[in-house]
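Structure, as structure tokens:
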Amino acid sequence: MPTITLAQGLNEALRYCMQRDDRVVVMGEDVGKAGGVFRITDKLQQEFGEQRVIDTPLAESGIVGTGIGLAIYGFKPVCEMQFDGFTYPAFEQITSHLAKYRSRTMGKLPLSVVVRIPYGGGIGAVEHHSESLEAYFTHTAGLKVVTPSTPSDAFALLVDVIEDPDPVIFLEPKRRYWIREDVELPVTNGDRRKARIVREGTDVTILTYGPSVRTVEDAAEEAAKDGVACEVIDLRWLNPLDLETIMTSVKKTGRAVVVTEAPITGSFSAELAARIAEDDFLSLHAPVIRVGGYDIPYPPAKVEDLYLPDLDRVLDAVDAVLNY
Amino acid sequence: MPTITLAQGLNEALRYCMQRDDRVVVMGEDVGKAGGVFRITDKLQQEFGEQRVIDTPLAESGIVGTGIGLAIYGFKPVCEMQFDGFTYPAFEQITSHLAKYRSRTMGKLPLSVVVRIPYGGGIGAVEHHSESLEAYFTHTAGLKVVTPSTPSDAFALLVDVIEDPDPVIFLEPKRRYWIREDVELPVTNGDRRKARIVREGTDVTILTYGPSVRTVEDAAEEAAKDGVACEVIDLRWLNPLDLETIMTSVKKTGRAVVVTEAPITGSFSAELAARIAEDDFLSLHAPVIRVGGYDIPYPPAKVEDLYLPDLDRVLDAVDAVLNY
Amino acid sequence: MKGFVDPGSVSTESVQVLKPDGTLVPDHGYDIDLKEEDLREIYRVMILTRRIDQESTNLQRQGELGVYTPALGQEGAQVGAAYALEPQDWIFPSYRELGFAMLRGVQPSHILHLFRGTWHGGLFDYREYCIAPYAVPIATQTLHAVGFATGAKIDGTNTVAITCFGDGATSEGDFHEACNFAGVWKTPVVFFCQNNQYAISVPLAKQTAAPTIAVKALGYGFPGVRVDGNDVLASYVVTREAVRRARRGEGPTLIEAVTYRRGPHSTADDPSRYRTDEELNTWEALDPIARFEKYLETEGVLTAEFKEQCDAEGREAASKLRKEIVGAGPLDPNLLFEHVYAERTPNLEEQFAQFKRDQEGQ
Amino acid sequence: MKGFVDPGSVSTESVQVLKPDGTLVPDHGYDIDLKEEDLREIYRVMILTRRIDQESTNLQRQGELGVYTPALGQEGAQVGAAYALEPQDWIFPSYRELGFAMLRGVQPSHILHLFRGTWHGGLFDYREYCIAPYAVPIATQTLHAVGFATGAKIDGTNTVAITCFGDGATSEGDFHEACNFAGVWKTPVVFFCQNNQYAISVPLAKQTAAPTIAVKALGYGFPGVRVDGNDVLASYVVTREAVRRARRGEGPTLIEAVTYRRGPHSTADDPSRYRTDEELNTWEALDPIARFEKYLETEGVLTAEFKEQCDAEGREAASKLRKEIVGAGPLDPNLLFEHVYAERTPNLEEQFAQFKRDQEGQ
Ligand SMILES: Cc1ncc(C[n+]2csc(CCOP(=O)(O)OP(=O)(O)O)c2C)c(N)n1
Ligand SMILES: Cc1ncc(C[n+]2csc(CCOP(=O)(O)OP(=O)(O)O)c2C)c(N)n1
Ligand SMILES: [Mg+2]
Ligand SMILES: [Mg+2]
């Protein structure tokens, strides 16, 4: 089986979809000749031409806004935002139109648009290149929000969302672009609408997604050495959320930790914690503990490791729920 | 004592601040001659001239962006967004600069800017005029977020935030613009950094803010008839949050309900619920129950009442936590 | 200084075909390819537009609509431009483009239900009429038009898109991005700006210092043209040229139709706070319908009978509108959960169940 | 068609004072009011800029900086413009404006620490040098400059702001809104665009179809001017005029300095993917320093001794930079919590306590 990186998984997914469906177009800054700053669109313009792999002017609202127009016409645009922090200029098009057009038109003008965003920290970048912005989108009704954590999921989930009839914010864990996995492409097996149980366990459920999955896996490995069996769940879809898998696990373990990177206040982990408690308060032996970023602007590269949830902070949280 | 509306309280607060401090300038669409679409800036241009009450071109990013520049120069701009749904074009300036400039410059270029936003539903408006967008800002580190619910608080909190050294998103509950209160201006008494205990009670704590305060007051009144004593707390400041008042109350009642208008998933009520459970799980006799909007785009006017949390839904939640 | 390009050098003249007194401008420079029935059709739609517009304002005053944004005074600009389109050409309007919809034959109430708060997008079939739903956030629809027309171009279908917006809209970043994308992509799109002198209370001079709005096109590498927006024939010929350019693959055009919003911005607005009666009177004297009427009468195209016929049609349409609006109940509220996504998510399924229980409980 | 304004008619010429061979353009039309020491000072800063720029690239290649965005080739545009400012005039840069900072005497490491990831805003004192922190989100700083200069205007202080940005930046909505606000408010601001032909990999032709960037100014009602950006004297005189206009209360000017980014977009970029060696060679032959040097030598202003002095200063500054950067530790991480707000909120107080405990635990 060939070994691919997560970035390659994404690149192959785009190629796969573009080959199968000539309505799929890719657009964004530097996605053409340069193949994207992370090479996710590498060689696509060579294969599919300038009309289907479009180097846009430098304007994110323009990218999403014209993407919406293309979708009204009948195309399926996959829009790239170059970095998380440069998505904000497109915020109006995303919240006021992308999220609401289907509803506004009673389903007559649905928008099958994917907005790909490399997100999160850990690559030593300058300001605005390390934001975890999922909470803005999980709170916006009408959007779907997806984030892969492995190369095979990267491929399969991106294919899924491109085929999805609804607008999807597709969050790519940029610091995991280079992780590897043996994968036979195309990946078609498995129901990737469900959360992925990364590791089974009985003592505590750890919910996470995207870039934090690796961190949590390592922590679970470490905890296992101390005899603590963590059940690790990679959510994949933040909306729609696979609450069933989550609740089944929490019922079993009675304890939950949520690990994410975003500033913790108002993060998606708040929703998870609130929801778990609301849905099954009595199963909980301890409050849901959240491990996340601090409520500060994302720090400069030299100290970002102090911000990002690490093994120790995850293990502390596991201890906390176990010894509550 | 004169009777004023919440809208008048805001108007008087602006006048008061502009009289005391010639660095305060007001800017936005139609804030001049027209006095703002809700008349919050009524007659200010007549009194302070066109240089201090600035009718801007129609561009929200421009309003906040030039407001930031004015603040770097040394002014204290109060920027008006005409409606909640038209704040989104300014999202980049707000998240990437307004929130981060102080931190980026190690305090050397702080931005004392207020962004006033009429928010929430209930006035029978067309699309994009009824959004509850507080969660986007409470999740954004570096911003403060404030929302009044009474005329006296409207005055006093707006004065507070204009004098605040940090950038503040000031959310005005537009459907409460016309509620009245007997108020002697200027309001100077009381510590409005703390949450307001609207009504004391021992059975259940209801946390709310802005437009929902009235709804919750009515519900509490109703509950009292059934012998249920609700403690109603109006948060005022969503950030910084007065967790002390909240936790003291929850410790006392052992039960909490949160009532807000925004689509519930990922709303600020998720943070409150998560936080309360994290901080004092053992005091809770029931999970924190959230009453909020549905996860749908804000509905057309004719059916918005079915969307907005009403007395019945609040009372149901109170029942739910009492009978858990 | 040498090398400085100077806005003072920009021509501020407008294309005009009919003088305000309804006579032809001798050297207007355009081919008027309209037959008598075309002229009558344009007239009919202008009358219809005004009548429905008036009735909508009435309905709002009577509490039947939440708000309304009158098109009074802008019928010439709108109907003239709309008449230059082929039926398959898509229109991306803002919220004041009644004339376009009337020409396409949209049922008035289907639009007005938007203002009633029945459904955000109104109730018409966008694909049937090739009209996108009204866009409320200013200038955002201009990007949709560019994307749509780009799609048409990729497919080689020869379809053109036109997008309508106001003078105020030209200040928004989205307008700029739309023009710029269209310029680079040579998109078959027409940017149709109705410069009606105000954005709510803000007069043009506070909106932009540009000598004209048309000149903005130069900064995107395509032509701009200023036209007397109260001259329906001028609006028609200029838009026709822009549409032809687009269809020939020559890319976008920016049209600035100089006109005036004679009503309030919306029924919630009080224009007396910011403009004078004199100004209003000046523009009333330039009424687009009166001007066109005079022309048609001189040309012998407009019989008293046809005029009466148009008036009758207008009255009838207005009373039909009234009937369809007054007291119309809300749609089935369950619809709120129907089209958020293609299918209800499990989360919405749950909320929907709760919603229905709450409804029944009441 | 009649009434259509045509982008084809826009002049694409640039103001030039020095020909590429270093001789004076006879009819350049500007007063060169620079004394010998001015010329030498300009030269000195250009050399310093190039040297520090080179050292920064080296430091990045050696892993001492996370990334770096070289200014190579743009020294003429930058230093010329910077020299036209008064010390109290504020500069709102993007991320490639080393020349401006060098002229103002900012300590190079204080800027480079931004790229090292020491602190986002670098470590210099913004108020002392009247330079805002580098702005990473494209075009956003243009609005700050307009707001700042508007403040100065309200106060009547005669201070001017200049904002620097690239060709790509002109596509963003914020650039448009900044220009438009400035036009309406007659703000004393200079929009200084370095058209270096690329936005990362995207060439100008895919960025805008405008005949020039300078012409965009017309759409905002103020003058635009195109200048040879590799001609430091042209950049100086043109900016001087723009600054004078601003100071006289005549409002903004848009300057398009036509130049070329000879290095990669950033050290993370591989320009061979999207441009040719020939193109690079063409522009290398137009090097701004070489051109200016030739001129100064002909004029007898540049002695071998002064050249050596400049080189030595550059070497020294580079080695000082290296010393201050290599191995520099991170700042006290507690600072992360210090300036989020004027005072730590109770919430941050709690998180800070936890943060410190975690640090100690490790
Ligand atoms: C992004 C955005 N900001 C503000 C508003 C509020 N608003 C509605 S109409 C309007 C003025 C529009 O003026 P113009 O573009 O000239 O169009 P007109 O109403 O004159 O037809 C404003 C400010 C809005 N709808 N969208
Ligand atoms: C809003 C935003 N979008 C995207 C980026 C990523 N990005 C950084 S530099 C750049 C190109 C800028 O080109 P230009 O304005 O010509 O300036 P230059 O780098 O050539 O000096 C891009 C796309 C960004 N920094 N900000
Ligand atoms: Mg207007
Ligand atoms: Mg460039």
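Throughout, protein chains are lettered first and strands after them, A, B, ... in sequence-line order, and every chain is numbered starting at 1. Basis for what follows: all heavy atoms, side chains included, without hydrogens, waters or symmetry-related copies.
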Atom group of Leu241(A) that falls short of 4.5 Å from chain B, counting heavy atoms =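 Contact with chain B involves no heavy atom of Leu241(A) at all.
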query = How far apart are the closest heavy atoms of Pro297(A) and Ala99(B), and which atoms are they?
reply =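 Closest pair (atom of Pro297(A), atom of Ala99(B), distance): CG-O, 4.4 Å.
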remark   = What one should report as the nearest heavy-atom pair of Ala274(A) and Ala270(B) is CB-O, 3.8 Å
Could you tell me which portion of [X] (side chain, backbone, both or neither) has an atom closer than 4.5 angstrom to a non-hydrogen atom of chain A?
{"X": "Ile264(B)", "answer": "backbone"}
{"X": "Ala286(B)", "answer": "backbone"}
{"X": "Leu272(B)", "answer": "neither"}

ask   = Can you list the residues that meet the side chain to side chain contact (heavy atoms under 4.5 Å, CB included) rule with Ala320(B), with sequence neighbours excluded?
value = none
Give the atom names and distances for all donor-acceptor pairs closer than 3.5 Å across chain B and chain A.
| from | atom 1 | to | atom 2 | distance (Å) |
| --- | --- | --- | --- | --- |
| Arg104(B) | NE | Glu127(A) | OE1 | 2.8 |
| Arg104(B) | NE | Glu127(A) | OE2 | 3.1 |
| Arg104(B) | NH2 | Glu127(A) | OE2 | 3.0 |
| Arg104(B) | NH2 | His128(A) | NE2 | 3.4 |
| Glu127(B) | OE1 | Arg104(A) | NE | 2.8 |
| Glu127(B) | OE2 | Arg104(A) | NE | 3.1 |
| Glu127(B) | OE2 | Arg104(A) | NH2 | 3.0 |
| His128(B) | NE2 | Arg104(A) | NH2 | 3.4 |
| Tyr136(B) | OH | Thr140(A) | OG1 | 2.5 |
| His139(B) | ND1 | Pro263(A) | O | 3.4 |
| His139(B) | ND1 | Thr265(A) | O | 2.7 |
| Thr140(B) | OG1 | Tyr136(A) | OH | 2.5 |
| Pro263(B) | O | His139(A) | ND1 | 3.4 |
| Thr265(B) | O | His139(A) | ND1 | 2.7 |
| Gly266(B) | N | Glu271(A) | OE1 | 2.7 |
| Glu271(B) | OE1 | Gly266(A) | N | 2.7 |
| Glu271(B) | OE1 | Arg290(A) | NH1 | 2.9 |
| Glu271(B) | OE2 | Arg290(A) | NH2 | 3.1 |
| Glu278(B) | OE1 | Arg290(A) | NE | 2.8 |
| Glu278(B) | OE1 | Arg290(A) | NH2 | 3.4 |
| Arg290(B) | NE | Glu278(A) | OE1 | 2.8 |
| Arg290(B) | NH1 | Glu271(A) | OE1 | 2.9 |
| Arg290(B) | NH2 | Glu271(A) | OE2 | 3.2 |
| Arg290(B) | NH2 | Glu278(A) | OE1 | 3.4 |

ask   = What residue, out of Ile289(B), Leu284(B), Leu133(B), Val258(B), has the most heavy-atom pairs lying under 4.5 Å from chain A?
value = Leu284(B)
